[in-house]
K.L.:
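Sharing a structure, written as structure tokens. Questions coming.
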Amino acid sequence: MNTLTVALPGREYDILIERGLLAQAGERLRAVLPRARKLAVVTDTTVGPLYYNRVKAGLESAGFECRLFAVPAGEDSKNPSQLAALWEGFMDFGLTRTDGVVALGGGVVGDLAGFAAATILRGVAFVQIPTTLLAQVDSSVGGKVAVDLAHGKNLAGAFYQPRLVLMDPDALDTLPLPVFMAGMAEVVKYGCIWDGGFFDFLAARPSRQALMADIEHILYTCCDIKRQVVMEDELDTGLRMILNFGHTLGHAYELAGRYIEWSHGEAVAAGMCAAARLGVKLGVTPAGTPEAIENALSALGLPIAIPCSREDRAAAIGLDKKSAGADITLILLDKTGHAVPRKLPRKDLLELLEETL
Ligand code: NAD
Ligand code: GLY
């Protein structure tokens, strides 16, 4: 068993990583929720049929009464109506403050169920069982929970840490290839921003098969980096911003594809390449770095450039919003394995992008 501890004052929790862990959910949850009687298990319509019965059998044998709450698979479920439906469903189930909510699924389910857990009865215990690569390396750790609003993604949310994160790499076997590779964009990001040796390790494994052979090490390394960042800056006012490497341009690309053509991971992949090229132009990033990142990502079938209009770039940079301050903090690399924030006027960034990309 690989165990990492997120040591936040008064809210310490473990991340457990092991093949076959889904079947041990009962005993693992009982250890952190000794008094809970009922568990609301939130999942989606794809993950439920694949994994709910396995998890439920373990939870019931550990004495929990479970009820399934399955939302339609996909980002559209991360909305206030689904949140309200969960609140009412939890009350119908008779959930009390000593009971708990379990998220079984990808980042959509984790963010939605986590916000429901944070807000029902002013907060009940929450456990993450992430089943996508993105959720395992990123969204299940660190306590950001949210739903989307008509005005944009993740606009209503909270910081609400789970009591336990239970990660079974075997669950990744059923992921469609593009969903697996979208998660790999975030994995490569950790190598770019924190650990050059890890970047090289990933670059030497350019296939799903090769990556899955070392998946426990990969999950452990990513979660260890995220854990350290979150312990230093839980509320995202400083260091945690480095996790946004590739995301500013990534948002522009998601917008350019109207959130249909490019997944978040694909957009982040191209966004990291753009940020690396921009870093070279600004004299922060060493020459050759963009090419190394592009090679690693394109070997995984991820895009390294995405067409995008000036208007979409301006919107992603916040130039379309009167409320946005004059400056933007961009995350750049001063070497592969180390990120640095660089503040620059939004208008200058837009012009630089025109010249660079
Ligand atoms: P997702 O939850 O929509 O999952 C992607 C698809 O894979 C879905 O269709 C899902 O049903 C399916 N799926 C999940 N697990 C599966 C499995 N084991 N086998 C087969 N299919 C499976 O998307 P995601 O990429 O996991 O997460 C994206 C969401 O995460 C976004 O809403 C994003 O905002 C959020 N996010 C949150 C944080 C955070 O810190 N909270 C960080 C990054 C992303
Ligand atoms: N996914 C970025 C963060 O957790 O801060």
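In listed order, ligands and their atoms are each counted from 1. All of these numbers come straight from a predicted model, not from anything done at the bench. Below, all heavy atoms of this structure are taken into account, side chains as well, without hydrogens, waters or symmetry copies.
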K.L.:
Can you name the atoms of ligand 1, numbered from 1 with element, that are less than 4.0 Å from a heavy atom of A73?
P.N.:
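Those atoms are 9 (O), 11 (O).
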K.L.:
Give the numbers and elements of all ligand 1 atoms closer than 4.0 Å to a heavy atom of D138.
P.N.:
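Those qualifying, in numeric order: 42 (C), 43 (C).
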K.L.:
Would you kindly say whether Q161 and E12 are connected by a side-chain donor-acceptor distance under 3.5 Å?
P.N.:
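No donor-acceptor contact under 3.5 Å links the two side chains.
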K.L.:
Look at atom 10 (C) of ligand 1 and say which protein heavy atom is nearest, naming residue and atom and giving the distance to 0.1 Å.
P.N.:
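Nearest neighbour among protein heavy atoms for atom 10 (C) of ligand 1, to 0.1 Å: D44 OD2, 3.3 Å.
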K.L.:
Does L50 approach ligand 1 within less than 4.0 angstrom via side chain, backbone, both or neither, non-hydrogen atoms only?
P.N.:
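Looking at L50 and ligand 1, just side chain atoms fall under 4.0 Å.
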K.L.:
Give the atom numbers and elements of ligand 2 that come within less than 4.0 Å of a heavy atom of R240.
P.N.:
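With R240 as reference, the close atoms of ligand 2 come out as 3 (C), 4 (O), 5 (O).
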K.L.:
Could you tell me if any non-hydrogen atom of K226 lies under 4.0 Å from any atom of ligand 2?
P.N.:
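Per 4.0 Å heavy-atom rule, K226 contacts ligand 2.
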K.L.:
Examine distances only and state if a side-chain atom of E266 and a backbone atom of S263 form a donor-acceptor pair shorter than 3.5 Å.
P.N.:
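Such a contact is found between E266 side chain and S263 backbone.
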K.L.:
Does at least one non-hydrogen atom of A171 fall below 4.0 angstrom from an atom of ligand 1?
P.N.:
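In this structure, A171 qualifies as a contact of ligand 1 - some heavy atom is under 4.0 Å.
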K.L.:
What's the shortest distance from atom 13 (N) of ligand 1 to any protein heavy atom, and which residue and atom give it?
P.N.:
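Ranking protein heavy atoms by distance from atom 13 (N) of ligand 1, first comes V47 CG2, 3.7 Å.
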K.L.:
In terms of atom number and element, which parts of ligand 1 are under 4.0 angstrom from non-hydrogen atoms of T46?
P.N.:
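What qualifies from ligand 1 is 11 (O), 21 (N).
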K.L.:
For H251 and H247, indicate whether the former's side chain and the latter's backbone hold a donor-acceptor pair under 3.5 Å.
P.N.:
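Present.
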K.L.:
Hey, is the main chain of T5 close enough, under 3.5 Å, to the side chain of R227 for a donor-acceptor pair?
P.N.:
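Between the backbone of T5 and the side chain of R227 there is a qualifying donor-acceptor contact (under 3.5 Å).
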K.L.:
Please check if the side chain of D214 supplies one atom and the backbone of L211 the other of a donor-acceptor pair under 3.5 Å.
P.N.:
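A pair under 3.5 Å: no.
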K.L.:
Which of the atoms of ligand 1 are close to Y51, meaning less than 4.0 Å from one of its heavy atoms?
P.N.:
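Within the 4.0 Å cut-off of Y51, ligand 1 contributes 18 (N).
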K.L.:
Checking a contact table here: which protein heavy atom is nearest atom 38 (C) of ligand 1, and how many Å away?
P.N.:
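Protein heavy atom with the smallest distance to atom 38 (C) of ligand 1: S139 CB, 3.2 Å.
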K.L.:
For T96 and D99, test the side chains for any donor-to-acceptor distance below 3.5 angstrom and give the result as yes or no.
P.N.:
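Per modelled atom types, T96 and D99 side chains form a pair under 3.5 Å.
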K.L.:
Got the closest protein heavy atom to atom 22 (C) of ligand 1, with its distance?
P.N.:
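For atom 22 (C) of ligand 1, the nearest protein heavy atom is L175 CD2, 3.6 Å.
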K.L.:
So, the side chain of D44 versus the backbone of V47: is there a donor-acceptor pair under 3.5 Å, distance only?
P.N.:
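Flag set: sc D44 to bb V47 pair under 3.5 Å.
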K.L.:
For D233 and T237, does a side-chain donor sit closer than 3.5 Å to a side-chain acceptor?
P.N.:
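Side chains of D233 and T237: pair found under 3.5 Å.
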K.L.:
Are the side chain of T285 and the backbone N or O of L333 linked by a donor-acceptor pair below 3.5 Å?
P.N.:
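Yes; at least one donor-acceptor contact below 3.5 Å.
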K.L.:
For atom 26 (O) of ligand 1, what's the nearest protein heavy atom and its distance?
P.N.:
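I find the closest protein heavy atom is T132 OG1, 2.6 Å.
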K.L.:
Any sub-3.5 Å donor-acceptor pair from D14's side-chain atoms to L16's backbone N or O?
P.N.:
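No, because the side chain of D14 does not come within donor-acceptor range (under 3.5 Å) of the backbone of L16.
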K.L.:
Taking a cutoff of less than 4.0 Å between a non-hydrogen atom of the residue and any ligand atom, is K226 in contact with ligand 1?
P.N.:
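K226 counts as a contact of ligand 1 under the 4.0 Å cut-off.
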K.L.:
Rounded to the nearest 0.5 Å, what separates atom CD1 in I17 from atom CD in Q136?
P.N.:
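If I round to the nearest 0.5 Å, the distance is 8.0 Å.
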K.L.:
Just by modelled atom types, is the G105 backbone N or O under 3.5 Å from a matching donor or acceptor in the T43 side chain?
P.N.:
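The answer is no, because no donor-acceptor pair under 3.5 Å joins these two groups.
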K.L.:
Provide the number and element of each atom of ligand 1 under 4.0 Å from a heavy atom of N154.
P.N.:
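Answer, ordered by atom number: 34 (O).
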K.L.:
Hey, is ligand 2 close enough to N244 that some N/O pair sits below 3.5 Å?
P.N.:
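No, N244 has no N/O under 3.5 Å of an N/O on ligand 2.
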K.L.:
What part of D148, side chain, backbone, both or neither, has a heavy atom within less than 4.0 angstrom of ligand 1?
P.N.:
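Answer for D148: neither.
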K.L.:
Within ligand 1, which atoms have a heavy atom of K78 less than 4.0 Å away?
P.N.:
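Heavy-atom distances to K78 below 4.0 Å select 31 (C), 32 (O), 33 (C), 34 (O), 35 (C).
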K.L.:
Go through ligand 2 atom by atom and flag the ones less than 4.0 Å from a non-hydrogen atom of L243.
P.N.:
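Counting atoms of ligand 2 from 1, those under 4.0 Å from L243 are 3 (C), 5 (O).
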K.L.:
What protein heavy atom lies closest to atom 1 (P) of ligand 1? Include the residue and the distance to one decimal.
P.N.:
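Answer, as residue, atom name and distance: V108 CG2, 3.9 Å.
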K.L.:
Is it the case that K144 and N154 place a side-chain donor and acceptor less than 3.5 Å from each other?
P.N.:
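No donor-acceptor contact under 3.5 Å links the two side chains.
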K.L.:
How does D138 reach ligand 2, by side chain, by backbone, by both or by neither, if only non-hydrogen atoms under 4.0 Å count?
P.N.:
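For D138, the contact with ligand 2 is made by the side chain alone.
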K.L.:
Taking 4.0 angstrom as the limit and counting only heavy atoms of K153, give me the atoms of ligand 1 inside it, by number and element.
P.N.:
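Counting atoms of ligand 1 from 1, those under 4.0 Å from K153 are 31 (C), 32 (O), 33 (C), 34 (O).
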K.L.:
Should Y190 and F199 be marked as a ring-ring contact (aromatic ring centres under 6.0 Å, His included) after you check the CA-CA gap, both sets of side-chain angles, and the distance that decides it?
P.N.:
CA-CA 8 Å; Y190 287 110; F199 178 88; over 10 Å; no
K.L.:
Show which atoms of ligand 1 fall inside a sub-4.0 Å distance from at least one heavy-atom site of T174.
P.N.:
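Contacts of ligand 1 toward T174, numbered from 1: 17 (C), 18 (N), 19 (N), 20 (C).
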K.L.:
Side chains of E75 and H264: do they bring a donor and an acceptor to under 3.5 Å?
P.N.:
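There is no such pair between these side chains.
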K.L.:
Verify whether one side chain among T174 and Y51 offers a donor that lies under 3.5 Å from an acceptor in the other.
P.N.:
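Judged by distance alone, the side chains do pair up.
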K.L.:
Where does H264 meet ligand 1, judged by heavy-atom distances below 4.0 Å: at the side chain, the backbone, both, or neither?
P.N.:
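It is neither part, as no heavy atom is under 4.0 Å.
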K.L.:
So is there a nitrogen or oxygen of K144 less than 3.5 Å from a nitrogen or oxygen in ligand 2?
P.N.:
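Yes; at least one N/O pair falls below 3.5 Å.
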K.L.:
Which residue supplies the protein heavy atom nearest to atom 32 (O) of ligand 1, what is that atom called, and how far is it?
P.N.:
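For this ligand atom, the closest protein heavy atom is E75 OE1, 2.6 Å.
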K.L.:
Look at atom 25 (O) of ligand 1 and find which of L134, V71, V137 reaches it with the closest heavy atom.
P.N.:
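Looking at heavy atoms only, L134 sits closest to atom 25 (O) of ligand 1.
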K.L.:
Considering only non-hydrogen protein atoms, determine which one is nearest to atom 23 (O) of ligand 1 and report residue, atom name and distance to 0.1 Å.
P.N.:
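Scanning the protein heavy atoms, the shortest distance from atom 23 (O) of ligand 1 goes to G107 N, 4.1 Å.
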